[in-house]
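These notes concern the structure reproduced below.
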Amino acid sequence: MINNQEIFETIKMIQDQNLDIRTITMGISLLDCADSDIDKSCEKIYNKIKRLAKNLVAVGEEIATKYGIPIINKRISVTPIAMLLGVSGGDPIKYAKTLDKVAEELNVNFIGGYSALVQKGFSAGDLELINSIPEALTVTSRVCSSVNVGSTRAGINMDAVKTMGQQILKCAELTKDDNCVAASKLVVFCNAVEDNPFMAGAFHGVGEADCVLNVGVSGPGVVRAAISNAPDDADLTEIAEIIKKTAFKITRMGQLVGSEAAEKLNVEFGIVDLSLAPTPAVGDSVAHILEEIGLEMCGAYGTTACLAMLNDAVKKGGVMASSRVGGLSGAFIPVTEDAGMIDAARDGSLTLTKLEAMTAVCSVGLDMIVIPGDTSAEVISGIIADEAAIGMVNSKTTAVRLIPAIGKKEGEELVFGGLFGEGPIMKINQKSPAKFINRGGQIPAPLQSLKN
């Protein structure tokens with residue numbers, strides 16, 4: 001039961017502290033849409049998504065109006081398309097255009113799942129889909145793509161890592177006249193999860209039910225406000241407790257919205273992803289939470305420790321509020337999407353080296369980072385390999401979403417607008433790892449993979 005005090009607290013969080021439901025994401029299995037004829041497969045995909053998600057946006061708006069809770073995005077995730085391509089063969093761009101068409105007709109913000117899972121090698125359809133990603137993200141507006149190149153159980157597929165460095169660069173080059181936007185819709189994962197509702201990395205895992213409704217909740221401003229009300233002499237144990245209690249309240253709201261949306265749509269309720277996903281809006285920053293805890297600026301020594309505490313407390317509060325916490329659930333650190341991190345990157349306090357250290361303890365990884373446009377594909381692959389190694393060894397999800405700013409240099413700016421925000425082109429180490437990357441093969445799974 002939710003009492004009056006909780007209702008008033010939630011109203012204040014929404015009005016003054018940027019609390020929102022960042023997304024309701026319908027996950028749809030397309031396994032029954034596989035066909036040896038690619039055109040028939042596309043037709044099945046279109047019809048199934050249209051049938052199941054036809055009321056997704058309307059239900060989201062209805063619940064938002066009923067409870068006064070902003071639901072920012074309505075999204076769809078689907079079975080990794082490489083699996084269907086392996087059956088049908090043909091031009092994978094047909095799948096991308098089908099997904100984009102149905103997403104536009106349903107008026108959802110994004111559709112994720114133009115994806116491949118290649119952590120241990122390539123199967124039928126994988127390479128064809130991966131090589132088509134730059135074109136697919138250029139000719140569509142709502143399609144998002146992801147590739148999983150490693151896992152704790154499998155190790156890291158370095159052939160895939162090499163290829164993804166090339167694909168990220170091609171994405172940027174093909175959309176250089178549009179702020180290299182295609183690269184912002186592509187994520188490279190290690191240990192990707194099957195129930196992630198957040199873009200650009202969402203896909204519907206093969207272990208999921210036929211159709212589920214997942215919810216992503218976000219409230220960096222709420223957490224910061226709660227910490228700001230603590231006494232200046234409060235110790236870190238008390239601060240962690242405040243974060244945990246705040247996360248509990250946020251998750252309860254997500255549980256309420258997700259359960260009701262799933263019931264209205266007549267699908268299974270999946271998970272609540274309690275991720276502190278920032279925006280460029282003032283008061284909606286993960287970096288500002290870390291500064292409220294006691295850092296002069298995000299990136300200062302102590303940042304990784306603060307982020308570790310924040311991430312852990314968020315998870316603990318979430319699992320106390322719901323038995324269906326899943327997805328990524330923690331703190332995101334997308335540089336261009338976080339007002340505090342934008343400022344810290346411009347100042348030089350926040351560097352790529354520090355961000356890499358932070359990814360060892362946060363939810364995802366090197367996210368929405370703008371790099372010089374003349375960066376080589378091998379350097380990008382090296383960044384992917386380092387991040388995948390952190391995920392593999394620590395049994396956690398890590399990811400890379402880099403935007404090479406074609407024609408621009410370190411210190412210049414790239415402006416996306418909206419949730420993607422803006423940010424400076426960050427300095428990176430341009431020393432070449434080409435010989436290492438070109439060796440290819442598989443980095444073997446670490447010893448901790450042998451858990452049976």
Side-chain angles (χ1 to χ4, degrees), residues 6 9-10 12-13 17-22 193 196-198 215-256 271-279 283-295 297-334 338 340-341 344 354-355 357-365 367 390-391 394-398:
E6 288 179 301
E9 282 181 347
T10 303
K12 182 174 178 59
M13 291 175 184
Q17 298 160 11
N18 298 98
L19 177 62
D20 59 53
I21 299 293
R22 185 57 48 85
V193 297
N196 169 23
F198 284 98
V215 174
V217 188
S218 184
V222 178
V223 175
R224 183 192 181 193
I227 296 170
S228 70
N229 291 327
D232 288 341
D233 61 352
D235 67 24
L236 292 175
T237 305
E238 294 174 86
I239 296 297
E241 192 67 20
I242 290 168
I243 297 169
K244 188 170 70 174
K245 290 177 179 177
T246 306
F248 176 89
K249 295 173 184 176
I250 295 171
T251 308
R252 293 255 284 182
M253 185 186 76
Q255 176 89 19
L256 171 67
I271 56 93
V272 179
D273 185 325
L274 176 64
S275 289
L276 299 181
T279 71
D284 202 25
S285 163
V286 169
H288 288 159
I289 297 175
L290 305 180
E291 291 164 8
E292 194 68 56
I293 292 172
L295 302 174
M297 180 169 274
C298 180
Y301 293 116
T303 296
T304 306
C306 283
L307 184 60
M309 182 184 72
L310 172 64
N311 210 52
D312 180 67
V314 165
K315 291 178 188 293
K316 287 175 177 173
V319 297
M320 288 293 291
S322 171
S323 60
R324 289 182 174 265
V325 172
L328 298 166
S329 289
F332 290 177
I333 53 171
D338 184 303
M341 292 196 181
K354 188 60 179 178
L355 281 162
M358 293 163 68
T359 64
V361 300
C362 76
S363 280
V364 189
D367 196 13
I390 289 172
N394 289 287
S395 301
K396 70 182 294 295
T397 303
T398 52

Applying the side chain to side chain contact (heavy atoms under 4.5 Å, CB included) test to [X], which of [options] qualifies?
{"X": "Ile289", "options": "Leu276, Leu295, Val222", "answer": "Leu276"}
{"X": "Pro231", "options": "Asp233, Asp235, Asn229", "answer": "Asp233"}
{"X": "Ile333", "options": "Asp338, Thr359, Thr303", "answer": "Thr359"}

Looking at [X] and [Y], what are the two nearest heavy atoms and their distance?
{"X": "Met309", "Y": "Ile243", "result": "CE-CD1, 4.4 Å"}
{"X": "Ile239", "Y": "Ala230", "result": "CD1-CB, 4.1 Å"}
{"X": "Ile271", "Y": "Pro197", "result": "CD1-CD, 4.2 Å"}
{"X": "Ala331", "Y": "Val286", "result": "CB-CG1, 4.4 Å"}
{"X": "Met341", "Y": "Cys298", "result": "CE-SG, 4.2 Å"}
{"X": "Ala357", "Y": "Thr304", "result": "O-CG2, 3.8 Å"}

Can you sort out the partners of [X] under side chain to side chain contact (heavy atoms under 4.5 Å, CB included), two or more places apart, ordered by chain and number?
{"X": "Glu292", "answer": "Arg224, Ile227, Ser228"}
{"X": "Val325", "answer": "Thr251, Val319, Ser322, Ser329"}
{"X": "Met320", "answer": "Phe248"}

Between [X] and [Y] (side chain of the first, backbone of the second, donor and acceptor by atom type, cut-off under 3.5 Å), is there such a pair?
{"X": "Lys316", "Y": "Ala247", "result": "no"}
{"X": "Asn311", "Y": "Leu307", "result": "no"}
{"X": "Ser285", "Y": "Ala287", "result": "yes"}

Decide yes or no on side chain to side chain contact (heavy atoms under 4.5 Å, CB included) for Leu236 and Ile293, but give the supporting numbers first.
CA-CA 8 Å; Leu236 292 175; Ile293 292 172; 4.0 Å; yes
Decide if atom NZ of Lys245 counts as having more than 12 heavy atoms of other residues, nucleotides or ligands within a radius under 6.0 Å.
no
Begin from the C-alpha positions of Asn196 and Asp273 and carry the test side chain to side chain contact (heavy atoms under 4.5 Å, CB included) through to its verdict.
CA-CA 7 Å; Asn196 169 23; Asp273 185 325; 4.1 Å; yes
Interatomic distance, CD1@Ile250 vs CD1@Ile21, rounded to 0.5 Å, equals 10.0 Å
